[in-house]
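Each remark here refers to the structure printed beneath this line.
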Amino acid sequence: MLKKKECIAMLLAGGQGSRLFALTSQIAKPAVAFGAKYRILDFPLSNCANAGVDTVGILTQYQPLVLNEYVGNGQPWDLDRTFGGVHILSPYEAKQATSWYKGTANAIYQNIRFMKEYDPEYILILSGDHIYKMDYDKMLDAHKKSGAACTIAAMPVSLEDAKRFGILNCNPDGSIYQFEEKPAVPKSNLASMGIYVFTAQKLFDYLEADNEDPNSQNDFGKNVVPAMLAAGEKMMSYLFEGYWKDVGTIQSLWEANMDLLGDDPKFNLASGGTIHSRSPLAPPAYITGELKNSLLATGCEIEGDVFDSVIGTNCIIEEGAEVHDSVLMGNITVKAGAKIWYSIIDENVTVCENATVGKPIEEAKATPGKTAGIAVLGRGITVSQGASVPAGTIMEQDV
């Protein structure tokens with residue numbers, strides 16, 4: 001008898017993440033650092049591990065080097081298996097046709113042979129750019145009991161925000177009778193989280209039909225889900241009530257990091273399932289400066305002052321330097337006298353003596369622009385001595 005898996009996961013991690021600007025100019029969005037010691041990808045991978053989903057295909061396309069190195073053999077998430085485990089799936093040249101992934105559905109379709117190799121009964125489709133803890137096993141159980149062809153995780157949002165999401169219109173029993181992709185006038189506020197459980201054979205059938213449709217955009221929300229509803233397939237919603245954040249913009253990424261702080265954080269990393277990561281080897285943090293309401297990773301040397309901030313691994317903040325309301329992603333040096341306000345700073349950046357990045361948060365929020373006043377420094381750059389980076393500025397080169 002051939003081995004098989006009851007459920008496998010396919011994780012969409014190939015998007016460019018253009019709304020993160022400098023933070024994704026050299027790496028894929030799921031590989032962006034988060035919460036002092038994690039990367040965004042850690043959250044769906046850990047959710048899979050915690051639910052016993054031990055076969056995960058990660059679909060990459062844009063700037064995959066850092067992500068590939070980080071995932072490695074999957075050991076930190078207990079996904080280093082001889083049958084199953086984690087697999088990086090990039091677009092490849094085939095005998096009959098070659099193409100980049102055209103959309104979410106096409107990306108999954110191009111890996112249909114990988115999925116069929118495990119003869120799964122159910123397939124979990126995930127996005128690689130969301131921050132949340134979720135028990136996929138409970139969602140899978142609800143899907144089995146309902147007998148649906150597809151179950152979509154959903155949560156209520158404000159009617160104003162509903163215009164940015166795929167919206168589920170449901171019957172009282174949770175069955176979906178209509179799906180609207182980013183409607184101008186939403187009929188409900190129940191938003192799709194981009195998390196799907198499909199009965200495997202149904203998914204294969206609709207992916208193949210979608211691939212044969214020359215007018216399709218090859219997208220789950222725009223094409224596959226509406227096609228299933230039109231065909232009368234049973235579609236169910238799965239209501240999620242925990243913390244969930246799409247960190248696809250500078251502001252949402254900053255907010256999600258800040259949601260980790262405080263005596264009663266909006267997103268508590270210490271409760272619920274464990275989030276695993278490939279943490280670098282580093283000594284304990286050393287602190288002589290003032291530290292208030294902040295998260296600090298290992299390897300840091302803090303002789304300056306840090307307030308309301310998230311500080312990643314191996315950061316050095318020298319005596320006389322200050323960091324306020326900011327996210328420092330790792331391997332960052334802030335030299336004496338430098339001040340950082342309301343900023344996101346990518347890895348391997350040096351802010352030299354007496355330089356200033358950003359403005360105090362209330363001043364900065366009044367700055368118009370793409371980043372809600374948040375100053376953004378891309379990876380590897382240097383802000384020279386005495387230089388000033390204005391609020392809301394996106395820098396990818398030395399200042």
Side-chain angles (χ1 to χ4, degrees), residues 20-27 31-37 39 66 250-251 253-254 257-258 280 282-365 367 369-399:
L20 290 179
F21 303 104
L23 303 180
T24 51
S25 63
Q26 300 178 50
I27 64 174
V32 169
F34 177 83
K37 62 168 288 185
R39 295 187 185 273
V66 172
I250 293 294
Q251 184 174 10
L253 180 62
W254 181 87
N257 274 278
M258 295 301 112
Y286 173 78
I287 306 167
T288 60
E290 187 174 2
L291 186 69
K292 288 187 177 179
N293 190 37
S294 297
L295 285 181
L296 194 67
T298 55
C300 289
E301 298 178 19
I302 310 297
E303 296 181 335
D305 299 331
V306 178
F307 306 97
D308 306 300
S309 295
V310 176
I311 310 297
T313 306
N314 294 324
C315 287
I316 298 173
I317 300 174
E318 295 184 354
E319 186 176 359
E322 297 179 21
V323 179
H324 301 261
D325 303 295
S326 295
V327 179
L328 276 58
M329 290 187 169
N331 299 302
I332 294 165
T333 299
V334 184
K335 296 200 171 184
K339 289 182 172 57
I340 297 173
W341 308 86
Y342 194 44
S343 300
I344 298 179
I345 300 181
D346 207 345
E347 297 169 298
N348 306 316
V349 167
T350 299
V351 180
C352 292
E353 291 87 348
N354 302 312
T356 301
V357 180
K359 287 184 179 180
I361 188 167
E362 294 307 322
E363 292 181 52
K365 284 184 175 180
T367 303
K370 300 175 181 178
T371 68
I374 301 168
V376 179
L377 302 184
R379 62 176 42 215
I381 71 173
T382 297
V383 179
S384 61
Q385 183 173 347
S388 178
V389 177
T393 302
I394 303 168
M395 301 301 302
E396 295 190 59
Q397 298 179 338
D398 292 349
V399 183

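Keep in mind that the numbers below use all heavy atoms, side chains included, and drop hydrogens, waters and symmetry copies.
Residues K359 and A364 approach most closely at O-CB, 3.8 Å, considering heavy atoms. Nearest heavy-atom pair, V376 versus A22, reported as atom, atom and distance to 0.1 Å: CG1-CB, 4.4 Å. Of all non-hydrogen atoms in R379 and V66, the two that sit nearest each other are NH1-CG2, 4.5 Å. Minimum interatomic distance between L23 and I27 (heavy atoms only, all atoms of both residues): O-CG1, 3.5 Å. The minimum heavy-atom distance between V310 and M258, with the atom names listed, is CG2-CE, 4.2 Å. A pairwise comparison of heavy atoms in C352 and S384 identifies CB-C, 3.7 Å as the closest pair.
Atom OG1 of T371 and atom CG of L253 lie 12.0 Å apart (nearest 0.5 Å). Separation of atoms CD (E290) and CZ (F307) is listed at 4.0 Å; rounding is to 0.5 Å. Here CD of E353 is found 5.0 Å from NZ of K335. Values are rounded to the nearest 0.5 Å. Expressed to the nearest 0.5 Å, how far NZ of K37 lies from CG of L295 amounts to 11.0 Å. Put simply, CD1 on I302 and CG on L291 are 7.0 Å apart, with the number rounded to the nearest 0.5 Å. We find the CG-CD1 distance between L20 and I344 to be 8.0 Å, quoted to the nearest 0.5 Å.
Side-chain atoms of W254 come within 3.5 Å of backbone atoms of D325 as a donor-acceptor pair (strictly under, hydrogens ignored). A side-chain donor-acceptor contact under 3.5 Å links S294 to the backbone of D308.
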Residues 386-399, side-chain donor-acceptor partners within the protein, below 3.5 Å, at least two apart:
residue	atom	partner	partner atom	Å
T393	OG1	P390	O	2.9
E396	OE1	S25	OG	3.2
D398	OD1	T382	N	2.9

Throw together a table of side-chain donor-acceptor distances under 3.5 angstrom for residues 311-321, partners on residues two or more places apart or in other chains.
residue	atom	partner	partner atom	Å
E318	OE1	A336	N	3.0

With a 3.5 Å cut-off and sequence neighbours excluded, list the donor-acceptor pairs that the side chains of residues 326-334 form with protein atoms.
residue	atom	partner	partner atom	Å
S326	OG	H324	O	2.7
S326	OG	Y342	N	3.2
S326	OG	S343	N	3.0

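The salt bridge (charged side-chain N to carboxylate O under 4.0 Å, His left out) check on E301 picks up nothing, with sequence neighbours excluded. Annotation: side chain to side chain donor-acceptor pair (under 3.5 Å) contacts of N354 (sequence neighbours excluded): none. Evaluation of the salt bridge (charged side-chain N to carboxylate O under 4.0 Å, His left out) rule for K370 yields no partner, not counting sequence neighbours.
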